[in-house]
Number of protein chains: 2
Amino acid sequence: MRATVLVRPKHGILDPQGQAVESSLRHLGFDVGEARVGRLVDVELATEDRDEALTQLSSMCEQLLTNPLIETYVVQLGDHVVTEAA
Amino acid sequence: MRATVLVRPKHGILDPQGQAVESSLRHLGFDVGEARVGRLVDVELATEDRDEALTQLSSMCEQLLTNPLIETYVVQLGDHVVTEAA
């Protein structure tokens, strides 16, 4: 089963990459508000069971993929958001 | 209107970050196949028109957000994938 984890800086956490993107977009003439930059991880899981996949992904996020002090994450299976963690 | 651009390395392009994540997940005991790491940009657009938003986002991706030689992107408005570029 294919899954995507979207990792974003928490609100209130400084995001210099996002600020740089925001500033550059404005200089290019785009009318934009705040921009934030995060990362994504695509991972192919051996299991085809949806609940098992979500359990594994949650564990991966806690152990390796995210820093819960400063980041939040969202898990997508296919194109759908299925779980969020603050 | 809030939009998210998901940027991924193209197939065949070396992704050392993804390889590191894949290897670390296996060492942690997870049964995973390939992992790939990309980035995401959340941006708040002034327009509320969907077509206008997609036009602007496509232009932002070409001019700043992606490197079309080695990356692909997907635009999401809300939680839905609405456009992809090879």
Side-chain angles (χ1 to χ4, degrees), chain A residues 1-9 11 15 17-49 52-53 55-66 71-76 78-82 84, chain B residues 1-9 11 15 17-49 52-53 55-66 71-76 78-82 84:
Chain A
M1 180 178 285
R2 193 162 186 74
T4 300
V5 180
L6 306 182
V7 185
R8 295 178 163 99
H11 287 290
D15 174 25
Q17 271 194 91
Q19 289 172 341
V21 165
E22 189 180 319
S23 165
S24 297
L25 287 174
R26 291 211 183 108
H27 277 105
L28 288 169
F30 294 105
D31 188 4
V32 296
E34 190 184 37
R36 305 276 283 175
V37 174
R39 63 185 183 282
L40 67 86
V41 182
D42 289 320
V43 63
E44 186 68 40
L45 304 175
T47 182
E48 288 299 326
D49 181 82
E52 171 63 22
T55 304
Q56 285 184 17
L57 288 161
S58 176
S59 182
M60 289 177 195
C61 285
E62 282 161 28
Q63 291 184 60
L64 181 75
L65 301 181
T66 72
E71 294 169 333
T72 64
Y73 69 90
V74 177
V75 170
Q76 294 185 337
D79 294 333
H80 302 286
V81 174
V82 288
E84 298 199 30
Chain B
M1 179 178 284
R2 194 164 186 74
T4 300
V5 180
L6 306 181
V7 185
R8 296 177 162 100
H11 288 289
D15 174 25
Q17 271 193 93
Q19 290 173 340
V21 165
E22 189 180 318
S23 166
S24 297
L25 287 174
R26 291 213 182 107
H27 276 105
L28 288 169
F30 294 105
D31 188 3
V32 296
E34 190 183 37
R36 306 274 284 176
V37 174
R39 63 186 183 282
L40 67 85
V41 182
D42 289 321
V43 63
E44 186 67 40
L45 304 175
T47 182
E48 288 299 326
D49 181 81
E52 172 63 22
T55 303
Q56 285 184 17
L57 288 161
S58 174
S59 182
M60 289 176 195
C61 286
E62 282 161 28
Q63 290 183 59
L64 181 76
L65 301 180
T66 72
E71 293 169 334
T72 64
Y73 68 90
V74 177
V75 170
Q76 295 185 336
D79 294 333
H80 300 287
V81 175
V82 288
E84 297 199 31

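What you are looking at is a predicted structure, and each value in this text was computed from that prediction instead of being measured. Chain A is the first sequence line, chain B the second, and so forth, proteins listed ahead of strands; every chain is numbered from 1.
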Checklist line | Contact class of B:T4 relative to chain A, heavy atoms under 4.5 angstrom | finding: side chain
Next item on the list: Of all the heavy-atom pairs spanning A:L45 and A:Q56, show the shortest one and how long it is.
Entry: CD2-OE1, 4.0 Å
Check: By a 4.5 Å heavy-atom criterion (distance strictly below it), what part of A:V5 contacts chain B: side chain, backbone, both, or neither?
Finding: neither
Notebook entry, point to check: For the candidates A:V7, A:V37, A:D42, which exhibits the highest count of non-hydrogen atom pairs separated by less than 4.5 Å from chain B?
Noted result: A:D42
Checklist line | Side-chain donor-acceptor contact under 3.5 Å, A:S23 with A:Q19 | finding: no
Item checked: Choice from A:L40, A:V32, A:D31 maximising heavy atom contacts with chain B below 4.5 Å -> A:L40
Next item on the list: Give the C-alpha distance, both sets of side-chain angles, the deciding distance and a yes or no for side-chain contact (heavy atoms from CB on, under 4.5 Å) between A:L57 and A:V43.
Entry: CA-CA 9 Å; A:L57 288 161; A:V43 63; 3.9 Å; yes
Next item on the list: Output the option from B:L65, B:V41, B:T47 having the highest count of non-hydrogen pairs under 4.5 Å with chain A.
Entry: B:V41
Next item on the list: Identify the two heavy atoms, one from A:E71 and one from A:R39, that lie closest to each other, and give their separation to 0.1 Å.
Entry: OE2-NH1, 2.7 Å
Next item on the list: Considering only heavy atoms and a distance below 4.5 Å, find which of B:R8, B:E22, B:Q17 pairs most often with chain A.
Entry: B:R8
Notebook entry, point to check: Closest heavy-atom contact between B:E44 and B:R2?
Noted result: OE1-NH1, 3.2 Å
Item checked: chain A interface, residue from B:G33, B:G18, B:A3 that has the most non-hydrogen pairs under 4.5 Å -> B:G33
Notebook entry, point to check: What closest approach, in Å, do B:L25 and A:M60 show between heavy atoms, and which atom pair accounts for it?
Noted result: CD2-CG, 3.5 Å
